[in-house]
Amino acid sequence: MRTNFDFAPYRRSTVGFDRLFDLLETGMRGDGSDGYPPFDILRNGEDSYQITLALAGFRPEDVEVVAQQNQLTVTGKRADDGGKSEYLHRGIAARAFERRFQLADHIEVGEASFDNGLLTIALKRVVPEAMKPRRIAIGGSSPEPAQIETQHQEAKAA
């Protein structure tokens, strides 16, 4: 199956969508991760989201959550037990990881909580007032169109 798609015609005819096309191209290539740790993305409401990562065997101090620009990075590294234990079988993954999430514009990272091996991160879309739709009042027509006087016209009148 062919997964290549050429966005060049769209890039030539649009302005300001570079980041969107980069994300689409990156997503088609795959992020190269092996699926560890597993995670869920939940939509709690119209502007509210939640990411939950399953981090069995990790403690809160072993995990770091960093929000930078439009990217959320979760990194984990378990502390070494110093060779105190001898494992006969190790089925719980203990390897370090880094999981990245691309965030849309105006998504803010809220609080993070760690409970029963699940890291939960709250996200919320906060649209700036300037971006929200607003009603524009329509004024009535006047008999003479209003003209804005320039400094040159004001000097002649004086």
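We're numbering straight along the sequence, starting at 1.
- In summary, the aromatic rings of F101 and Y49 are positioned with their centroids too far apart to meet the 6.0 Å limit.
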I51 vs L42, side chain to side chain contact (heavy atoms under 4.5 Å, CB included): CA-CA, chis, key distance, verdict: CA-CA 6 Å; I51 297 175; L42 176 68; over 6 Å; no

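- Placement of V66 and V109 in two distinct hydrophobic clusters is found when ILVMFWY residues are connected by side-chain heavy-atom separations under 4.5 Å, directly or transitively.
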Chi angles and distances behind the side chain to side chain contact (heavy atoms under 4.5 Å, CB included) call for T120, D115: CA-CA 8 Å; T120 303; D115 189 33; over 6 Å; no

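- Here the closest non-hydrogen pair linking P37 and L53 is CG-CD2, 3.7 Å.
- Taken from CD in Q102 to CG in N70, the straight-line distance is 7.5 Å, to the nearest 0.5 Å.
- Once rounded to the nearest 0.5 Å, the distance linking CD of E64 with OG1 of T73 reads 9.0 Å.
- The CZ atom of R78 sits 11.0 Å away from atom CG of L55, with the distance rounded to the nearest 0.5 Å.
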Candidate pair L123 and Q50, rule side chain to side chain contact (heavy atoms under 4.5 Å, CB included), full reasoning: CA-CA 6 Å; L123 305 169; Q50 177 179 308; over 6 Å; no

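- With contacts defined as side-chain heavy-atom distances shorter than 4.5 Å, the pair H106/V126 does not qualify.
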Does the side chain to side chain contact (heavy atoms under 4.5 Å, CB included) test come out yes or no for L119 and V65, once each step is laid out? CA-CA 10 Å; L119 173 66; V65 179; 4.0 Å; yes

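- Between the CD1 atom of I92 and the CZ atom of F58 there is a distance of 11.0 Å, given to the nearest 0.5 Å.
- Distance OG1/T75 to CD/E98: 4.5 Å, rounded to 0.5 Å.
- The CZ atom of R125 sits 6.5 Å away from atom CZ of R43, with the distance rounded to the nearest 0.5 Å.
- The main-chain N or O of E61 is never found under 3.5 Å from a side-chain atom of R59 such that the two would form a donor-acceptor pair.
- Looking at every heavy atom in both residues, L118 comes nearest to A54 through CD2-CA, 3.7 Å.
- Counting only distance, with no hydrogens or angles, the side chain of R100 and the backbone of L72 share no donor-acceptor pair below 3.5 Å.
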